[in-house]
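Lettering follows sequence order; numbering is per chain, from 1.
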2 protein chains.
Amino acid sequence: MLSDRYQMLFKNLMGLYLSDGKPVGSSTLSKLPEVSLSSATVRNVLADLEQMGLLHSPHTSAGRVPTDLGYRFFVDSLLTFQLPTLGHEHAIRQQLSTDLNQDRLLQETAKLLSGMTGMASVVMLPSKAQETLQQVDFLMLSPKRVLMVLVFSDQDVQNRVVELEQSISADQLHALANFLNAECLGLSLRHARAKLMATLARVEQEHQTAELALLQSADALLSQQASERRPLMVAGKTKLIDYEEFADSQKLRQLYHALQDEQALLELFDKTLQAPGLKVFIGSEFGDDVYQSCSLVARPYTMEGEVLGVLGVIGPSRMNYQKVVPQVDLTGKILSSLLKK
Amino acid sequence: MLSDRYQMLFKNLMGLYLSDGKPVGSSTLSKLPEVSLSSATVRNVLADLEQMGLLHSPHTSAGRVPTDLGYRFFVDSLLTFQLPTLGHEHAIRQQLSTDLNQDRLLQETAKLLSGMTGMASVVMLPSKAQETLQQVDFLMLSPKRVLMVLVFSDQDVQNRVVELEQSISADQLHALANFLNAECLGLSLRHARAKLMATLARVEQEHQTAELALLQSADALLSQQASERRPLMVAGKTKLIDYEEFADSQKLRQLYHALQDEQALLELFDKTLQAPGLKVFIGSEFGDDVYQSCSLVARPYTMEGEVLGVLGVIGPSRMNYQKVVPQVDLTGKILSSLLKK
DNA sequence: ATTTAGCACTCGAGGACAGTGACTGCTATT
DNA sequence: AATAGCAGTCACTGTCCTCGAGTGCTAAAT
């Protein structure tokens, strides 16, 4: 455990570094009103903190900079929050106006987070795998083209056009809809598909070729549905160019790439899912060098108490945690309160 | 009109500059095998070309660089194309696999363009305003929640959830669907809405409150539809960081911003719509300083002969026009061939 | 009358160099 | 234990200089 003085100095150093981004030296600290120590004393403390691995000197004649471990300690033990005002809360609710379907709502949330924080935001989408079918309907566009409408239990609606091999009558279509609504409701896409396969085999024996074709198409579509979805949504990537940390365009590019399609993030999100509550990941904790000097502030969101996914913000480790952490937290809370079955 | 020698030298200079990005000097040019002139002679020519406004010296002891006017001349008069191979064409068709709805198809096209060229791509979406309703259907989710499905003449399908003030019966819903399908098909959204308004007024007098509420909701939704759509789709923005032209992150940011929501582009696209065929816009021709040293290669795309929108690629003016122009052209052709009513 | 060779000139890039200032760690003193 | 003092380190900055690429101009050559 660190003595009060050590903590105090470390916290002040953090504050200065977060706001200026330049290495902080002993004399700068000793001049602070709340620090009534000579620079020499401060120096001794800083040397100790460096020994412990919380600080680091870019070079001998520069001040100190926090290490990833230093950030960790700061976030875990020293962070005091700067709560958003009620007006702020109201503004968030406003922007997440409620009459959107789930996907759009999550998209809006991503935009909002990125706008509020000036950094990139990430939203992990609920895994569709668990959603169940609530309603299926067909619409005849032309004798050989049928529109399939799938309503999921999360209120998401998706539709696909099926091109048929041969034409189908309105009655047949109706029958098919009835069949699906009778047999497949309450099943996940995967299960519904399995059931469809079984029926398919049966129908095939009975030589009902017209329905067979439609069923086959429906099957192909359901499978298409399942694979198509990206599990991650990223907004505001371009905001990151403003930070000196990412001035090297080479690095920035790699970071963008990683944000595009990467596993590393998903693993962190999984960790966040496991142990609910807000989590901060810092630099090396990402498990990938691309995220050097990045931090992620993440939090699960829920629907009626059940954890659905994770939302968060990615930016330079040198971010204003005091503001950002409550912002992410509040946004997660509000989103959770807006999500209804 | 420029003499052959002037043209030849200018073209060679362009070639060198496009591939290296460094100012080209007289001696470099005179050493080229196809140039059998001394550097002194070349210098005289270059001085003349600079006089005419086609070239520019960054400083006294540097070589020459084309001006926007120079690019213009090059593109209009000197450009020879490097036709994509048949294999290439096949690859494009492959990626634009056909069973997508229109919006997704355009999205794929944008991705494809950006991937092929390594630059940002822009697709101007067909103005929905002209599309007509082809089919309307309702699905009852619960007594107070109704899903509205709109099928447009361009095969696009959109759906919205209507939250009702009071519950509605299946019969009423059916009647409403019939009414809309009878009255509003073949009308644009705007016209359909106008018709709805008229009916609304009549129904109001007859005090059919249940239908009234639904109609009102439907109206609100139709209007929502109309405004919601972004006219422009941009893909691959982040590819631009790789070009030295955009190394200044300040400028890059502004460019991103402009690409986000800007009018300037739409105006250029309008010009492209007017006079069909491929067009190239260079730097100052954008009419906005943000696009300094950018070029846009754009081309309309059609559906069954009728111009729908414009697609294109944005990158540094110093791009490989010989490759990019045919790529954009071919993609536009293929897209047009894939779009069917 | 072109074309070319030659020459003086310009200017940016890059290296060497010294001075400055912001630090540090250590040691001796309070 | 805290501090003052001091020597040392190192990035940063500005100056000076050289180098080289490239120019424009003029006079000679074709």
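- Atoms NE2 (B/H59) and C1' (C/dA13) sit 9 Å apart, rounded to a whole Å.
- In this structure, A/L49 places its CG atom 12 Å from P of C/dT24, rounding to the nearest Å.
- Separation of the A/F81 and A/Y321 ring centroids does not fall under the 6.0 Å cut-off.
- A salt bridge between A/K333 and A/D329 is present, with a side-chain N of the basic residue lying under 4.0 Å from a carboxylate O of the acidic one.
- Atom-to-atom, CG of A/L16 to C1' of C/dC23 comes out at 15 Å; the value is rounded to the nearest Å.
- A/D48 has its CG atom 11 Å from the P atom of C/dC26, to the nearest Å.
- For B/N44 and C/dT2, the CG to P distance is 12 Å, given to the nearest whole Å.
- Sequence order on DNA chain D of the closest nucleotides to A/V42 and B/E50 puts A/V42 first from the 5' end.
- Side-chain atoms of B/S27 and B/S30 include no donor-acceptor pair closer than 3.5 Å.
- Rounded to an integer number of Å, the gap from B/R5 CZ to C/dA1 P is 16 Å.
- Residue contacts for B/A62: at a heavy-atom cut-off of 4.0 Å it reaches the sugar-phosphate backbone alone, with no base atom in range.
- When atom types are taken as modelled, the side chain of A/S77 and the backbone of A/F74 share no donor-acceptor pair closer than 3.5 angstrom.
- Here the options are B/D270, B/T272, B/V123, B/L268, the test is side chain to side chain contact (heavy atoms under 4.5 Å, CB included), and the partner is B/V310; only B/T272 passes.
- Between the C1' atom of C/dC9 and the CZ atom of B/R43 lies a distance of 12 Å, rounded to the nearest Å.
- Distance A/H56 NE2 to C/dC23 P: 16 Å, rounded to the nearest Å.
- Within the nucleic acid shown, A/S57 has no heavy atom closer than 4.0 Å to any nucleic acid atom.
- For B/S61 and C/dG12, the shortest distance from a side-chain N or O to OP1 or OP2 is not below 4.0 Å.
- Interface limits on DNA chain D: the 5'-most and 3'-most nucleotides within less than 4.0 Å of chain A heavy atoms are D/dA2 to D/dA11.
- For the pair A/R72 and A/E285, the salt-bridge criterion is met [side-chain N within less than 4.0 Å of a carboxylate O].
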